[in-house]
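What follows is a single structure, written as structure tokens, with notes after it.
These numbers come from the heavy atoms of this one structure, side chains and all, not from hydrogens, waters or symmetry mates.
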Amino acid sequence: NSISDLMNHIGGVQSIHRGAAGAQSTLRFRGGGSNHIVFLINGMRSFHSNVIFDNFNFPFDIDDVEYVEVDLSPSSHKYGFSATGIVMNFILKDYDSFATHLNFQSGDYSHNKIHIDANLPIGESNHTISYSGNSNGGYVYNSDVTSSKLLYRYSLKDDNSTANLTFGTHSDEHGVLSLSSISEFPTEKYNSLFFDSRLSWKFGIMDLNSHTHWNENEYSYAVGNSTRNFTITDLGYDFEGERSSVDNVYNFGFSAAREIILDLSESEQQRDRVNLFYNCLKNRGDLTYSNGLSANYFEGFGWNYSFGVELNYNLYDDVAVNYQYDSGYKLPSAFEQYADFGPWKGNSNLVSETVKSTQIGLGVKNDILNLDISFFYTSTNNAIDWQYSKTSEYWAGVNIPQVKVNGHQISAEVNIESFPLIGFISQVDLDYTFIDLSHNAGEYRYTSNYLTHQFSSSFNYDLFFGLSQSWFIRNEAPDQFASRWLTDTVINVPVWRFNTLFSIENIMDVRYQDELGFDASGRWMKFGLQFQY
């Protein structure tokens, strides 16, 4: 139903909701802090700024997405800063003929959503335009959300090159739940204009990609008659190359960008950055070896370097072991440095955090079972987080001297079509993640709030007359709260070019909190109707 729904299906990812879906939602991976996840759009890094703590503020809707590639390995050696968690690559729908789609949803909490897109081919080019509007009234006061997104895409292909242009607007407004005792509840507004150009060429064994982006993001934070506005503009250029042979793949590239921040601090801030990377992957029989190096210059923080290595060895045809090491870092965001309004106080003295990650894994893949077992360890120095002052009632940006995470993750896809009695279920997905986290004394917004145990399972089956039903069951055991079982289900009814969906999220109406003082929503029923041509 939404990108936030999608995140719940990724093992090790914790979605923290404050209010209704879409309001102040934050992503974390294996106990890491906010903004440790790299988002790609069609393979190129996206630099759209988040709305303060909102990681789900994407410039596209879930209905614009064809599929998502998820890499659970830290990738600092390629992407540089803030790549110490996972990499998510959103592949947008690509059309080569006339098409149109319509999706309408309605449900509890005054939820309404409409998404429509259409593609018009003209000669060798394709022109795609999509619009999505989403709103809900929230389940408690001041957790309402209203957003709209307009996206235009142009593509032109020939045998050896591809051109893609994207232009869009995105607006979002939602209430802000706060621990503060103020009587007037604040709201946030966000408006974005963005443009990017992607050019690709193929020269035999060499692939080249060029990417130019421009994003202008305007924010406002209002409490009663008081409104605070600030603007972040990001303009940059990326160039990547890939050279392939039978046994080797080489990736290289650079990027340069300028970020301008207005009205967030007393003076205009300008932050320039440059990133260079080189990666190599080699196949030697049953052994696959890859390593990479990234060098990043960021104004105010100088040069930072990242290195990563991965070994994968096939013990048997369907059994493999692997080892991964990544040395990365995260730089403070403009908001973490300069914010001085509402309950947030930035810290201009924040230093960059350094993260070293090690992972050992075992994989088994055959016709019945696809199993991955991994043991990981992460050590972070000067972790960037927020600490709450009860006397002053605000969150202050801080560096935590050291944070350590030990854990393991088990993921399995079981093909049970050949099993008696339960063969009507084609596949069952299982995932379990355990985290043991320790940090220096203190209570922090992210580091002190993590899932010790996280289990999820999903499966679907056909009913009758073309109907099908999907189930998603998860158990979450936070370190600070009681554990909970959450169950979602979706019934799908396809008729001709129409598809009818009925979903129930949190079917048992379990009451819980992802963060102290902010109740997550209870049972949420939605009805959807989709049409495609």
Side-chain angles (χ1 to χ4, degrees), residues 1-31 56 70 72 107-109 111 136 138-140 143 177 371-374 407-414 416 421-422 424-437 446 448-461 463 468-492 501-526:
N1 283 327
S2 66
I3 292 180
S4 61
D5 290 341
L6 174 70
M7 301 303 170
N8 289 325
H9 290 259
I10 304 174
V13 170
Q14 178 186 5
S15 300
I16 296 179
H17 301 285
R18 307 173 185 91
Q24 297 181 282
S25 302
T26 303
L27 285 182
R28 303 180 59 208
F29 178 66
R30 291 179 178 174
F56 296 154
V70 181
L72 299 179
D108 292 336
Y109 309 116
H111 170 71
N136 64 67
Y139 65 100
V140 294
S143 65
L177 300 178
L371 173 68
D372 285 298
I373 302 174
S374 59
H408 57 265
Q409 183 171 352
I410 304 173
S411 301
E413 299 176 0
V414 185
I416 59 176
L421 301 179
I422 58 174
F424 64 95
I425 301 175
S426 59
Q427 179 177 297
V428 175
D429 296 331
L430 304 166
D431 190 278
Y432 171 73
T433 304
F434 167 77
I435 291 176
D436 178 23
L437 187 150
Y446 300 122
S448 302
N449 178 23
Y450 61 93
L451 297 180
T452 304
H453 302 278
Q454 185 179 18
F455 169 80
S456 66
S457 176
S458 62
F459 59 91
N460 66 283
Y461 49 81
L463 295 171
S468 62
Q469 186 171 16
S470 301
W471 290 88
F472 181 53
I473 303 168
R474 64 187 190 274
N475 175 263
E476 298 174 344
D479 181 67
Q480 294 185 332
F481 306 102
S483 61
R484 64 255 182 170
W485 283 94
L486 304 172
T487 304
D488 307 332
T489 186
V490 179
I491 297 176
N492 179 50
L501 297 172
F502 176 69
S503 66
I504 307 176
E505 301 174 19
N506 191 0
I507 194 172
M508 303 303 294
D509 197 19
V510 177
R511 301 293 177 175
Y512 66 96
Q513 293 182 344
D514 283 325
E515 190 171 285
L516 184 64
F518 303 139
D519 292 331
S521 57
R523 183 186 298 115
W524 198 330
M525 292 185 287
K526 298 177 184 178

Shortest non-hydrogen separation from H111 to N136 and the atoms involved: CA-CB, 3.9 Å

Gap between atom CG of L27 and atom OG of S15 - 0.5 Å precision: 5.0 Å

Residue pair T489, I507: steps toward the side-chain contact (heavy atoms from CB on, under 4.5 Å) verdict: CA-CA 8 Å; T489 186; I507 194 172; 4.1 Å; yes

Plane angle bin for H453 and F434 - parallel if under 30°, tilted between 30 and 60°, otherwise perpendicular: tilted

Shortest non-hydrogen contact from D509 toward R523: OD1-N, 2.9 Å

Pair listing, salt bridge (charged side-chain N to carboxylate O under 4.0 Å, His left out) test, anchored in residues 451-460, at least two apart: none

Where Q409 and G12 come nearest, the two heavy atoms and their spacing: NE2-N, 4.0 Å

From T487 atom OG1 to I504 atom CD1, the distance as rounded to the nearest 0.5 Å: 11.0 Å

Worked verdict on I435 versus T452 for side-chain contact (heavy atoms from CB on, under 4.5 Å): CA-CA 5 Å; I435 291 176; T452 304; 5.9 Å; no

Side-chain touch L371/V414, heavy atoms, less than 4.5 angstrom: no

Aromatic ring pairing Y109/W524, orientation class (parallel under 30°, perpendicular over 60°, tilted between): perpendicular

Side chain to side chain, Y512 and L486, heavy atoms closer than 4.5 Å: yes

Audit row: Y450, R30, side-chain contact (heavy atoms from CB on, under 4.5 Å) steps and yes/no: CA-CA 8 Å; Y450 61 93; R30 291 179 178 174; over 6 Å; no

Inter-residue atom distance Q513.CD - N449.CG, 0.5 Å rounding: 10.0 Å

Closest approach of V490 to S503 (non-hydrogen atoms, all atoms of both residues): CG2-CB, 3.7 Å

Euclidean distance, F455 CZ relative to R474 CZ, rounded to 0.5 Å: 12.5 Å

Inter-residue atom distance S411.OG - I10.CD1, 0.5 Å rounding: 11.0 Å

side-chain contact (heavy atoms from CB on, under 4.5 Å) between F481 and D514, intermediate numbers included: CA-CA 8 Å; F481 306 102; D514 283 325; over 6 Å; no

Side chains of Q480 and S448, donor plus acceptor under 3.5 Å: no

Euclidean distance, N460 CG relative to W471 CH2, rounded to 0.5 Å: 12.5 Å

V510 side chain near W485 side chain, heavy-atom distance below 4.5 Å: no

Over all atoms of both residues, closest heavy-atom pair of N506 and D488: N-OD1, 2.7 Å

Nearest atoms (heavy-atom pairs only) where G31 meets L437: O-CD1, 3.7 Å

Backbone of D429 reached by a side-chain donor or acceptor of S457 within 3.5 Å: yes

Residue pair I416 / V428, side-chain heavy-atom distance below 4.5 Å: yes

